[in-house]
Number of protein chains: 2
Amino acid sequence: MRDRQDRPGVAARRPLLELVLPVLRDAIINRTLPPGERLSEGDICARLGISRTPLREALRILEIEGLVTMAAGVGAMVTPISPPDLHDRFELLAGLEAIAAARVAGRRDPATIRQILAIQRDMESASRQGSQEDYYRANDRFHQTIVEAAGNEVVLNAHRTAMWHVYRIRHATNAATPLKPDAARHHEHIIAAVIAGDVDGAFVAMRRHLEDVSDLILGRLAAGWFDAIDRDAPPP
Amino acid sequence: MRDRQDRPGVAARRPLLELVLPVLRDAIINRTLPPGERLSEGDICARLGISRTPLREALRILEIEGLVTMAAGVGAMVTPISPPDLHDRFELLAGLEAIAAARVAGRRDPATIRQILAIQRDMESASRQGSQEDYYRANDRFHQTIVEAAGNEVVLNAHRTAMWHVYRIRHATNAATPLKPDAARHHEHIIAAVIAGDVDGAFVAMRRHLEDVSDLILGRLAAGWFDAIDRDAPPP
DNA sequence: CTCCACAATATCGTATACGAAATAAAGGGC
DNA sequence: GCCCTTTATTTCGTATACGATATTGTGGAG
């Protein structure tokens, strides 16, 4: 056997599933396909120009990820926003990031620590300047960096999936959220534990931090009940 | 093309996917379909009496679960045993059960605590009598009970999936594993923290316990490298 | 004897077709 | 006028067909 799929010029034949899945997923996350939206297979096939076979595989995967809900014989819909479900997903997230933090603390890799410290400085800088956008971006990087640095592919995948659900309600969380000094203090604890190689300390600190974040976001979601009536007729 | 579901008495209108998926999954877990086995769609369809459409959906799901590996244009195979991958899954498991333990500790539900204490007594009893079988069964119940008592559907699902991978190498772990008194002591720490409502304590104790279990099982797997050569030709 | 090229075969990816069930709609009974 | 029943239409679940690609087997050259 010679060149398998690395033939020059000709792009390796990619299954339509891999092309369609990100498109649908992104549409659900950015609410182009809003929560509760009914997903007619025929419609989407026509829209995307594919047949039902690869589409159904994509829907099955999205169902496992929790972004789509399928009822046998009835069809698929974008999973509605559910605060209890989100609470569970935040709890999972806490476990995942805590494990990652523990692993990072166990390693004490200098490059990783430098990276985290730099992000921390960015957050402080953004906080001083009151730049919400930069602050949230750096915050995201903080968590993402730790999970990636843990080097656990399985945890990373689970984390990515959980985050999709967070992204879907982000519009209700970032908008007008005051910069909480708590987050910065929590991050300091986590960083201190990581630098000290305190595995349990990092593990616990990360869980507590995520618990706080969860309470904050879910509280905000409940206060605004943004999504609960998304598909209902708005009052005059 | 054969008799579909027109026979009375058989489950009336369930999607074939839901029927086929557990069959394949069980076969993979109990090694009827051994690691590395190539999964020809035609063969399995003929064997199960279904067409390729529902089978492919099942294979996609199994791929997400990590039990099947699919290469585009090549086909599917039972995911080979990989100690590094198992290590990652154990780490995930530690995060999941730690979160569950923390939640259970936060609740301090009397019924749950009674249940856990009863299981603990069973384990001690089995240990004294040297009944390995009973010991492992009670140990399983200990962990399962905590995860279920946490009441987090998302964590429970992730835990179930992770455990499938553990079950698949169980033959290499339970066989001739001496009863470790460490496990009992660890369990005591976890239980004490749960009863005391010590959320962080339960969280940390469970992670440490799982880390130990992981080391034990992976060490045993490495020592025997049971699966690494499963599909290779034995030397003459 | 080994290795490479080429043909034959098997298998995959996708599209399409058809029967069955659920939802929507229309009509009649109360 | 309202509700229940019955019919019609849409949509799903599964099977099958077809083109494309990887794998395997065979023959010949070095």
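Proteins get letters first, then strands, A, B, ... in listed order; numbering begins at 1 in each. Just so we're clear, the structure is a prediction, and the values are computed from it rather than from any experiment.
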Roughly, in whole Å, what's the span from [atom1] in [X] to [atom2] in [N]?
X	N	atom1	atom2	answer
E18(B)	dC12(D)	CD	P	16 Å
L21(A)	dT14(C)	CG	P	13 Å
M77(A)	dC12(D)	CE	P	14 Å
D43(A)	dC12(D)	CG	C1'	13 Å
M70(A)	dT14(D)	CE	C1'	14 Å
L17(B)	dG13(D)	CG	C1'	11 Å
E41(A)	dC18(C)	CD	P	18 Å
L48(B)	dA15(D)	CG	P	11 Å

ask   = Counting only non-hydrogen atoms, which of residues 49-64 of chain A are less than 4.0 Å from DNA chain C?
value = I50(A), S51(A), R52(A), T53(A), P54(A)
Is a donor on one side and an acceptor on the other found under 3.5 Å between the side chain of [X] and the backbone of [Y]?
X	Y	value
T112(A)	A149(A)	no
N139(B)	Y135(B)	no
R38(B)	A76(B)	no
T145(A)	R141(A)	yes

Residue whose closest nucleotide on DNA chain C lies nearer the 5' end, R38(A) versus L16(A) = L16(A)
query = Taking atom CG of D212(A) and atom CD1 of I217(A), what is their separation to the nearest 0.5 Å?
reply = 11.0 Å
message = Whether the S82(A) and D85(A) side chains hold a donor-acceptor pair (N or O, under 3.5 Å, no angle test) is what I'd like checked.
response = no
